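See structure below.
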Amino acid sequence: MSEITVRIPGHEPVRAQAGESAAAVLKKAGAIRGAIAARRGDQVIDLSRPIDADCELAPIAPSSPEGLDVIRHSTAHLLAQAVKRLFPQAQVTIGPVIEDGFYYDFAFERGFTPEDLERIEAEMRKIVAADYQVVRSESPRDEAVERFRSIGEEFKAEIIAGIPSNEPIGLYTQGDFTDLCRGPHVQSTGRLGAFKLTHVAGAYWRGDERNPMLQRIYGTAFADKATLEEHLALLEEAKKRDHRRLGPALDLFSLHPIAPGIPFFHPHGTVVYNTLVAYVRELYKRYGYTEVITPQLYKTDLFKTSGHYENYREDMFLVAVDEEEYGIKPMNCPGHVYLFGQGKKSYRDLPIRMADFSRLHRFERSGVLNGLTRVRGFAQDDAHIFCTPEQLDEEFASFLAMTREVYDAFGFTDISLAVETRPEKFLGSPELWDQAEKALQDGLRRAGFEFSVSAGDGAFYGPKIAFNVRDALKRSWTLATIQIDCAMPDRFGISYVRPDGAEGRPMMLHRAVLGSIERFIAILLEHTGGALPLWLAPVQVRVLSVTDRVAEHAARVGRQLEAAGIRVEVDQRNEKLGFKIRAAEVLKTPVIAVVGDKEAAAGAVAPRWRGVASQGAPAQSVEAFVAEVAERSRLPISAAVEEPVRAQVH
RNA sequence: GCCGAUGUAGCUCAACGGUAGAGCAACUGAUUUGUAAUCAGUAGGUUGUCGGUUCGAUUCCGAUCAUCGGCUCCA
């Protein structure tokens with residue numbers, strides 16, 4: 001045995017015998033305390049792994065991100081062991097760590113019930129109490145395949161069979177249970193304990209819906225009980241911010257079985273909706289967009305030309321009229337390209353930024369509908385930009401600037417960008433796609449955006465950039481998107497006359513900043529917990545009378561606010577002030593104006609702004625109050641306005 | 001679409017093989033109230049829908065619709 005030197009950050013280098021375990025080496029340095037695994041170089045390893053060469057070694061604490069991964073991964077194994085003990089017929093498959101937890105998929109002839117989960121959890125605790133050593137071993141691939149096949153674990157055998165034959169297979173054994181695994185794991189099951197199984201769900205084997213459905217058990221685990229409790233409490237809080245709860249509670253919208261997936265917007269919700277549209281229209285003035293209104297229903301010939309009939313028909317509502325087939329539009333693009341194609345266009349007309357707030361209808365599969373975030377009927381702040389190839393970069397940059405402005409205005413900071421590339425089913429030439437994908441990535445880099453690449457996720461007509469945000473339950477949704485169209489200009493044969501008199505094919509961009517208005521409202525509600533900004537709030541001011549004596553003054557204040565264009569409600573109910581304040585607060589009203597005898601005598605109000613911890617605010621004259629509310633209600637359009645790039649008039 | 005769960009008053013929930021109850025909200029009355037819930041009373045439900053088992057179903061069974069959690073798919 002040769003002697004090696006191990007560097008340990010923050011400690012003296014340690015001399016050790018080659019082959020000593022990571023735990024032993026760390027112990028020599030006095031760095032083992034609490035460690036759950038170790039990092040050798042950039043690799044996380046088991047504490048029991050032998051160290052056989054000079055290297056750098058660091059302990060991993062249970063509460064560190066890597067430590068949590070180890071705990072969750074080991075807890076997934078714990079789950080599998082418990083399930084195998086209780087349901088020997090169940091076959092194990094995979095059990096990865098996910099954000100905030102883990103899951104494990106089992107092939108089992110029936111679903112697991114909530115009662116099963118309780119039993120499984122109890123069994124897991126028994127295994128923790130038994131404190132089995134978790135032992136790593138290696139096995140040649142074919143031997144491992146045979147081993148799992150012989151005990152009826154067909155799925156596991158299939159996974160191993162897919163690993164190159166020269167790679168040794170890592171196996172982890174704890175008590176009566178052995179699983180294929182890359183590791184690393186905790187040293188013994190006793191190190192686990194702060195876990196909870198959360199829910200069950202079906203999941204297709206290898207994520208393909210043609211494959212059999214497995215039973216997935218989700219759970220979460222932490223380094224200690226307290227953090228687990230904290231996490232569970234956080235989930236409860238998140239539920240309160242869920243737009244599906246807030247929307248109906250604030251009387252903004254509702255969904256009914258009579259129109260599944262197509263929301264009813266109540267008067268207050270309609271104000272929010274229309275105000276968002278007004279905001280975007282204001283931006284359009286500055287960014288040089290023109291708005292159009294286009295048909296809702298087209299003969300399917302249009303969709304045959306656009307390629308939607310071929311590639312998107314499954315998601316469309318088709319209707320038969322007079323022995324002719326019509327389709328309700330799922331997107332605005334075909335209509336817009338068609339419209340562009342009417343009349344002769346010159347390079348002087350470009351760019352044309354054609355905006356449209358039409359309602360769109362898509363036949364989403366029943367299981368995917370979700371509140372306002374995934375619906376069958378919705379509108380987008382949609383626009384299509386037709387430009388020359390030379391204008392593409394500038395148009396793209398302008399879109400990114402607009403998007404940044406909007407997201408800043410709403411305080412959305414947790415946004416991730418993904419460039420989604422050519423899918424299996426696509427239209428247009430691969431060369432054009434490559435070019436377009438590169439253009440998107442270059443543009444993002446120039447604008448200083450970070451992004452990931454999501455291969456194969458693009459639309460069938462072109463690659464896209466998706467601006468993804470998360471809802472209260474941490475599910476990711478796409479709001480803004482921009483796509484370069486690689487197909488439709490060709491398919492519709494649209495053209496423009498270039499300066500040299502020849503015909504050119506315009507470039508086409510599809511883009512939306514809010515994305516779907518419905519989805520945007522959902523995310524905004526969750527982001528703000530229902531406390532919409534003053535300019536968007538359906539009721540901006542609520543005037544509260546203290547007694548019947550001041551009813552007239554309260555009504556007058558209401559009229560003055562209304563005259564200034566402010567959305568106001570006057571609460572003259574025969575109730576105590578505290579009751580009315582609570583009622584207004586529960587509805588997240590941004591501004592409350594209290595009116596009592598003192599205010600009535602002075603022609604004043606006592607304002608109370610949401611989120612300001614003032615009670616018994618000093619009175620303010622009605623005029624000053626109205627002016628302040630009006631000032632603070634303005635659309636969040638930044639003052640620094642660039643000259644819009646408009647098509648030249650000739 | 002697939003796997004699983006759920007569906008009782010406007011909302012949140014209770015009960016149960018013998019035709020449903022609370023709190024909040026609503027309505028009425030009293031109270032005239034000063035910065036997050038005044039008191040009292042009234043009304044409100046073919047227990048999602050359809051079918052089956054049963055002397056009897058809201059309860060048990062089946063189908064269906066919708067919703068929820070996932071999978072697959074997407075703004």
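Keep in mind that this is a model prediction, so the values were computed, not measured. Below, chains carry the letters A, B, ... as their sequence lines are ordered, and counting in each starts from 1.
No engagement by A/E518 is indicated, since no non-hydrogen atom pair under 4.0 Å with the nucleic acid exists. Within 4.0 Å of A/Q380, counting heavy atoms only, lie sugar-phosphate atoms of the nucleic acid but no base atom. A/K580 comes within 4.0 angstrom of nothing in the nucleic acid, heavy atoms only. Within the nucleic acid shown, A/E599 comes within 4.0 Å of at least one base atom, counting heavy atoms only.
Spacing between atom CZ of A/R374 and atom P of B/U67 amounts to 13 Å, rounded to whole angstrom units. Computed from coordinates, the A/K464 NZ to B/A75 P distance equals 3 Å when rounded to whole Å. Protein atom CG of A/N311 is 16 Å distant from nucleotide atom P of B/C73, rounded to whole Å. A straight line from NE2 of A/H553 to P of B/G34 spans 17 Å, rounded to a whole angstrom. Rounded to whole angstrom, the span from the CZ atom of A/R610 across to the C1' atom of B/A36 amounts to 15 Å. A/Y312 has its OH atom 8 Å from the C1' atom of B/A75, to the nearest Å. A/K576 has its NZ atom 18 Å from the P atom of B/A30, to the nearest Å. With rounding to whole Å, A/R206 atom CZ is found 19 Å from B/C2 atom C1'.
Among B/A36, B/G1, B/A75, the nucleotide with an atom closest to any side-chain atom of A/R365 is B/G1.
Of the possible donor and acceptor atoms, one in the side chain of A/H553 sits under 3.5 Å from a partner among the backbone N and O of A/A604.
No donor-acceptor contact under 3.5 Å links the side chain of A/R549 to the base of B/U32.
B/G44 and B/U32 have their C1' atoms separated by 30 Å, with the value rounded to a whole Å. When the P atom is used for both B/C13 and B/U53, the distance is 35 Å, rounded to whole Å. The gap from the P atom of B/G23 to that of B/U42 amounts to 12 Å, rounded to the nearest Å. On the C1' atoms, B/U58 is 8 Å away from B/U8, given to the nearest whole Å. Here, B/A66 and B/U49 have their C1' atoms 10 Å apart, quoted to the whole Å. If you take atom C1' in B/U46 and the same atom in B/G34, they sit 49 Å apart, rounded to whole Å. With P as the reference atom, B/U12 and B/U54 are 37 Å apart, rounded to whole Å. Nucleotides B/C24 and B/G41 have their P atoms positioned 12 Å apart, rounded to a whole Å.
The pair A/E395-A/R353 meets the salt-bridge criterion, with a side-chain N (NZ, NE, NH1 or NH2) lying under 4.0 Å from an Asp/Glu carboxylate O. One finds a salt bridge joining A/E569 and A/R542 here, because a Lys/Arg side-chain nitrogen approaches an Asp/Glu carboxylate oxygen to under 4.0 Å. Using a 4.0 Å cut-off between charged nitrogen and carboxylate oxygen, A/E585 and A/R582 do not count as a salt-bridge pair. The pair A/R206-A/D208 fails the salt-bridge criterion, with no side-chain N (NZ, NE, NH1 or NH2) lying under 4.0 Å from an Asp/Glu carboxylate O.
Because its NZ or CZ atom is both nearer than 6.0 Å to the ring centre of A/Y309 and within 45° of the ring axis, A/R313 counts as a cation-pi partner of that residue.
Between the CZ atom in A/F317 and the CD1 atom in A/I328 there is a gap of 6.5 Å [rounded to 0.5 Å].
The phosphate of B/G1 has OP1 or OP2 within less than 4.0 Å of a side-chain N or O from A/S366. Listed pair A/R573 / B/A26 meets the phosphate criterion, a side-chain N or O lying under 4.0 Å from OP1 or OP2.
Once the 5.5 Å centre distance and the 30° plane angle are applied, the aromatic ring of A/F378 is found stacked with the base of B/A75.
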Working for salt bridge (charged side-chain N to carboxylate O under 4.0 Å, His left out), residues A/E291 and A/R281: CA-CA 9 Å; A/E291 188 176 341; A/R281 284 199 168 112; 2.6 Å; yes
From CA spacing to verdict: salt bridge (charged side-chain N to carboxylate O under 4.0 Å, His left out), A/K464, A/E420: CA-CA 5 Å; A/K464 75 176 164 196; A/E420 304 182 347; 3.7 Å; yes
Test ring-ring contact (aromatic ring centres under 6.0 Å, His included) applied to A/F87 and A/F112, step by step: CA-CA 10 Å; A/F87 309 97; A/F112 294 105; 5.5 Å; yes
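Using a 4.0 Å cut-off on heavy atoms, the residues of residues 354-364 of chain A that approach RNA chain B are A/R362, A/E364, listed by number. Across residues 256-276 of chain A, A/P257, A/P260, A/G261 each have a non-hydrogen atom less than 4.0 Å from an atom of RNA chain B (numbered order).
Looking at A/R359, A/Q380, A/R374 one by one, the single match for side-chain contact (heavy atoms from CB on, under 4.5 Å) with A/E518 turns out to be A/R359. Here the rule is ring-ring contact (aromatic ring centres under 6.0 Å, His included) with A/F106, and of A/Y103, A/Y104, A/F108 only A/Y104 fits it. When each of A/F357, A/Y273, A/F410 is tested with A/Y279 by the rule ring-ring contact (aromatic ring centres under 6.0 Å, His included), just one qualifies, namely A/F410.
A/F449 pairs by the ring pair (Phe, Tyr, Trp, His ring centres under 6.0 Å) definition with nothing, not counting sequence neighbours.
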Atom pairs under 3.5 Å, N or O on each side, protein against nucleotides 68-71 of chain B: can you list them with distances?
residue : atom : partner : partner atom : Å
B/C68   : OP1  : A/R244  : NH1          : 3.4
B/C68   : OP1  : A/G371  : N            : 3.4
B/C68   : O3'  : A/R244  : NH1          : 3.2
B/G69   : OP1  : A/R244  : NH1          : 3.0
B/G69   : OP1  : A/R244  : NH2          : 2.6
B/G69   : OP1  : A/R475  : NH1          : 3.1
B/G69   : OP1  : A/R475  : NH2          : 3.1
B/G69   : OP2  : A/R244  : NH1          : 3.0
B/G69   : OP2  : A/N370  : ND2          : 3.1
B/G69   : O2'  : A/H199  : NE2          : 3.1
B/G70   : OP2  : A/R475  : NH1          : 2.9
B/G70   : O3'  : A/Y218  : OH           : 3.0
B/G70   : O2'  : A/Y218  : OH           : 3.1
B/G70   : N2   : A/G202  : O            : 3.4
B/G70   : N3   : A/G202  : O            : 3.4
B/C71   : O4'  : A/G202  : O            : 3.2
B/C71   : O2'  : A/Y204  : N            : 3.0

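Smallest separation of non-hydrogen atoms from A/L360 and A/Q296: N-NE2, 4.3 Å.
For the side chain to side chain donor-acceptor pair (under 3.5 Å) condition, the pairs that include at least one residue of residues 475-485 of chain A, sequence neighbours left out, are A/Y461-A/Q483, A/N468-A/T478, A/D471-A/R475, A/D471-A/W477, A/T481-A/Q483, A/D485-A/H510.
Both key distances under 3.5 Å define a Watson-Crick or G-U pair, and stretches of 3 or more such consecutive pairs in RNA chain B run B:1-7 with B:65-71, B:10-13 with B:21-24, B:26-30 with B:38-42, B:48-52 with B:60-64.
Sequence order on RNA chain B of the closest nucleotides to A/R110 and A/R582 puts A/R110 first from the 5' end.
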